[in-house]
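Notes to accompany the following structure.
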Protein chains: 2
Amino acid sequence: MAGKASVPSVIWARPERTGRGPRPAFTRADIAAAAVRIADDGGLDAVSMRHVAAELGCGTMSLYNYVPRKEDLYELMIDAIGAEHEIRAPSGDWRADMIRNALETRAIMHRHTWAPRLMSGVYGFSPNSLRYLEHCLDCLAPLDAPYSEKMELVALLNGVVTTYTANEIATSERTRSMPWSEEEENAVRIAYLGGQVATGAYPRLAAAFMESSGPIDLEGVFRRALERVLDAFDPAC
Amino acid sequence: MAGKASVPSVIWARPERTGRGPRPAFTRADIAAAAVRIADDGGLDAVSMRHVAAELGCGTMSLYNYVPRKEDLYELMIDAIGAEHEIRAPSGDWRADMIRNALETRAIMHRHTWAPRLMSGVYGFSPNSLRYLEHCLDCLAPLDAPYSEKMELVALLNGVVTTYTANEIATSERTRSMPWSEEEENAVRIAYLGGQVATGAYPRLAAAFMESSGPIDLEGVFRRALERVLDAFDPAC
DNA sequence: TCCTAGTTACGTACACCGTACGTAGTGCGC
DNA sequence: GCGCACTACGTACGGTGTACGTAACTAGGA
């Protein structure tokens, strides 16, 4: 009556099995693990329903019993790597704990370089996401602020971690995938960017590039950004 | 010798036309405009090489003369909406100027809701990106800091704008696309999330949801986040 | 001036994608 | 024990990006 999908579209809202008919051959964890394995070596584009089904050793369409749409498969993948967060008791120093959490998230994303691309299209209420969110709130207990503000902190921090790490991964993959890497860096930055700057249209950019020296320390930039975000929530600042 | 692609993969590094053979029928701007038009009504998934070619009134494979790979089409799209930034002379108040820039970026993204999804896979040195970056550095002239720090400010601010706006768009599209919108919100948040919380496994989350009241003011949250990030760079704080 | 090399234009073809649909087999709840 | 809900999966359809081959065209060098 209301269209094709009369069932909640969020996969976490439907039970894993209902207890009728033959028992399912796989768990969601199995499927997620297979998909993650494929994405880890082969990239996100290698994750297709056919491919995942083959990895599991079943027919393509059988997968649709477990995962109604491909988007839900992505959801399972995000949840699966969320399990890699090592939850440990808060130390009492909320800044240190949150920095640790952020660095761990970054490490996970570097381990699964497809993750940032998925992050921005996903629901965010998977079991492991809830677990991680709960843990963050736990770490933030010493901070005297309403929960709404703590939620904003977590959201902001996660956003910064995601965008920064996405950038790191993008640049690293760009230079890795090119056979000319060094030459490309020169050809583009000098011939094009340098060419643009030399037109005089971008005087401040030109000055900025003059000032910059040597390769930039990505982790340093990342940590500094974290500190700044945390500063913004620290009453002691 | 070195593989299939012996030409720089960044589209901005190759000239728009080379002056031999029949003159091109379209400019990059034409192509970008067509793609943006398609994405605006029809979503990003509607942007296919065939579709864009049809919109331009040419054969599919002709498009490949202008745009070697689809990824480059995305690059053109991002650059095209970057032109919507209205560059105006800095006011002297760098905080106000940067907030204006951020709000404008947010407005552009709300006008082109597919933009955030593209942002994290794109080179970032398109002409209009350079123009915008130059403008930001211009606005930041009154701020006494090295260029490296100003670059970090711009990066952090852009990251925050992108993630926040992406979230806004994601939630708004989720509730829009569902016929049950209100029911879904209840079914999921109460039946599932509430169910999870009721297990007692997430005490802090439970407390947070108890505390939350009424719908949240998205723009308020956004502005607050901006202010916080700027605080972190303001020597007067 | 003509020739030729580099471009544009574009149709065809291939491999792959998500998934709607139909059919067959299976085992729990009544 | 019956029936129904579930699993399993083959086939098929309409779509995708793009490699390749061919024909038309035009600017630079002879």
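Numbered from 1 within each chain, the chains take letters A, B, ... in sequence-line order.
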Does a donor on one side chain sit under 3.5 Å from an acceptor on the other, for B:His110 and B:Thr165?
-> no

Atom CG of A:Asn65 and atom C1' of D:dC9 are separated, to the nearest Å, by 9 Å

Work out which heavy atom in A:Leu76 is nearest to a heavy atom in A:Ala32; give both atom names and the distance.
-> O-CB, 3.7 Å

Taking only N and O in the side chain of A:Tyr66, is any of them less than 4.0 Å away from OP1 or OP2 of D:dA8?
-> yes

For residues 38-49 of chain B, run the donor-acceptor check on the side chains, cut-off 3.5 Å, and write out each pair with its distance to 0.1 Å, sequence neighbours left out.
from: B:Asp40; atom 1: OD1; to: B:His112; atom 2: ND1; distance (Å): 2.8
from: B:Asp40; atom 1: OD1; to: B:Trp114; atom 2: NE1; distance (Å): 2.9
from: B:Asp40; atom 1: OD2; to: B:His112; atom 2: ND1; distance (Å): 3.1
from: B:Ser48; atom 1: OG; to: B:His51; atom 2: N; distance (Å): 3.1

Report each atom pair, protein N/O against N/O of nucleotides 26-30 of chain C, whose distance is under 3.5 angstrom.
from: C:dC28; atom 1: O3'; to: A:Gly19; atom 2: O; distance (Å): 3.1
from: C:dC28; atom 1: O2; to: A:Arg20; atom 2: NE; distance (Å): 3.2

Can you give me the N/O atom pairs linking the protein to nucleotides 14-18 of chain C at distances under 3.5 Å, or say none if there are none?
from: C:dC17; atom 1: OP1; to: A:Ser48; atom 2: OG; distance (Å): 2.9
from: C:dG18; atom 1: OP1; to: A:Lys70; atom 2: NZ; distance (Å): 2.6
from: C:dG18; atom 1: OP2; to: A:Met49; atom 2: N; distance (Å): 3.0
from: C:dG18; atom 1: N7; to: A:Arg50; atom 2: NH2; distance (Å): 2.5
from: C:dG18; atom 1: O6; to: A:Arg50; atom 2: NH2; distance (Å): 2.7

Rounded to whole Å, CG of B:Leu44 lies from C1' of D:dT16 at a distance of 14 Å

For residues A:Asn128 and A:Gly82, report the shortest heavy-atom separation together with the two atoms involved.
-> CB-C, 3.9 Å

Note: B:Thr60 and B:Tyr64 closest approach over all heavy atoms is O-CD1, 4.0 Å

Will you find, in the side chains of B:Ser62 and B:Asn65, an N or O donor that is under 3.5 Å from an N or O acceptor?
-> no

5' precedence on DNA chain C between B:Cys58 and A:Thr60 (nearest-nucleotide basis) | B:Cys58

Between CG of B:Leu63 and P of C:dT7 the distance, given in whole Å, is 18 Å

Which is true for A:Ala53 with a 4.0 Å heavy-atom rule: it touches a base, it touches only sugar-phosphate, or it touches nothing?
-> nothing

Taking only the side-chain heavy atoms of A:Met61 (C-beta and beyond), determine which of C:dC10, D:dT7, C:dA20 contains the nearest atom.
-> C:dA20

On a heavy-atom basis, the closest approach of B:Leu73 and B:Val67 is N-CG1, 3.4 Å

Got a sec: does the CZ of B:Arg111 have more than 12 other heavy atoms crowding it under 6.0 Å?
-> yes

Walking DNA chain D from its 5' end, the first of B:Glu71 and A:Gly59 to be reached, judged by nearest nucleotide, is A:Gly59

Presence of B:Ser62 side-chain N/O under 4.0 Å of C:dC10 phosphate oxygens OP1/OP2 | yes

Between C1' of C:dT7 and CZ of B:Arg14, the distance in whole Å = 13 Å

Write down the atom of A:Met119, the atom of A:Met109, and the distance for their closest heavy-atom approach.
-> CE-CE, 3.5 Å

